[in-house]
Amino acid sequence: VQQERERPPTPVEVHTRYTCDGCETSPIVGTRFHCEDYDVDGGYDLCSRCYESRETLLPNHRWTPFTQGDQQADVVGFGTEGMTTAPLACNELVVREAQVPMQEAP
């Protein structure tokens with residue numbers, strides 16, 4: 001566990017403006033796959049995990065991988081002492097901006 005904490009950060013690509021149409025993960029972290037044959041407003045995009053099931057979701061469609069997102073995040077490790085440290089897939093990493101409700105001024 002200690003050795004994992006000492007590894008340098010690993011950058012991952014984050015597609016902040018995209019939601020996976022398979023599992024609704026938002027943003028998509030890692031490679032984003034865009035369907036070239038789905039012609040509906042907003043298109044159809046999948047994360048890496050859902051892309052593995054693409055033939056179930058949209059059979060016989062053409063896909064374009066996008067490896068470069070509009071932001072990067074540094075992954076410094078997973079887990080804490082006493083917890084599992086098994087690697088997680090990129091799309092299991094949750095990268096979100098804090099959503100704090102706006103309060104009206106008195």
Is a side-chain N or O of [X] found less than 3.5 angstrom from the main chain of [Y], in a donor-acceptor match?
X: Asp45; Y: Cys20; answer: no
X: Asp37; Y: Arg62; answer: yes
X: Glu55; Y: Asn60; answer: yes

So how far is it from [X] [atom1] to [Y] [atom2], rounded to the nearest 0.5 Å?
X: Phe33; Y: His15; atom1: CZ; atom2: NE2; answer: 9.0 Å
X: Glu13; Y: Thr31; atom1: CD; atom2: OG1; answer: 8.5 Å
X: Thr16; Y: Asp70; atom1: OG1; atom2: CG; answer: 3.0 Å
X: Arg49; Y: Ile28; atom1: CZ; atom2: CD1; answer: 13.5 Å

Evaluate the criterion side-chain hydrogen bond (donor to acceptor under 3.5 Å, both in side chains) for residue pair Glu36 and Thr64; output intermediate values, then yes/no.
-> CA-CA 7 Å; Glu36 296 299 326; Thr64 301; 2.6 Å; yes
I need the minimum non-hydrogen distance between [X] and [Y], along with the two atoms involved.
X: His61; Y: Tyr38; result: ND1-N, 4.3 Å
X: Pro27; Y: Thr25; result: O-CG2, 3.5 Å
X: Val14; Y: Ala73; result: CG2-CB, 3.8 Å
X: Gly43; Y: Asp21; result: O-OD2, 3.8 Å

Are Tyr44 and Tyr51 grouped together when hydrophobic residues (ILVMFWY) are joined by side-chain heavy atoms under 4.5 angstrom apart?
-> yes
Would one find more than 12 heavy atoms of other residues, nucleotides or ligands at under 6.0 Å from atom CD of Gln68?
->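 No, the 6.0 Å shell around CD holds no more than 12 heavy atoms from other groups.
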Are the side chains of [Y] and [X] in contact, using a 4.5 Å heavy-atom criterion?
X: Leu46; Y: Leu57; answer: yes
X: Cys47; Y: Cys50; answer: yes
X: His34; Y: Phe66; answer: yes

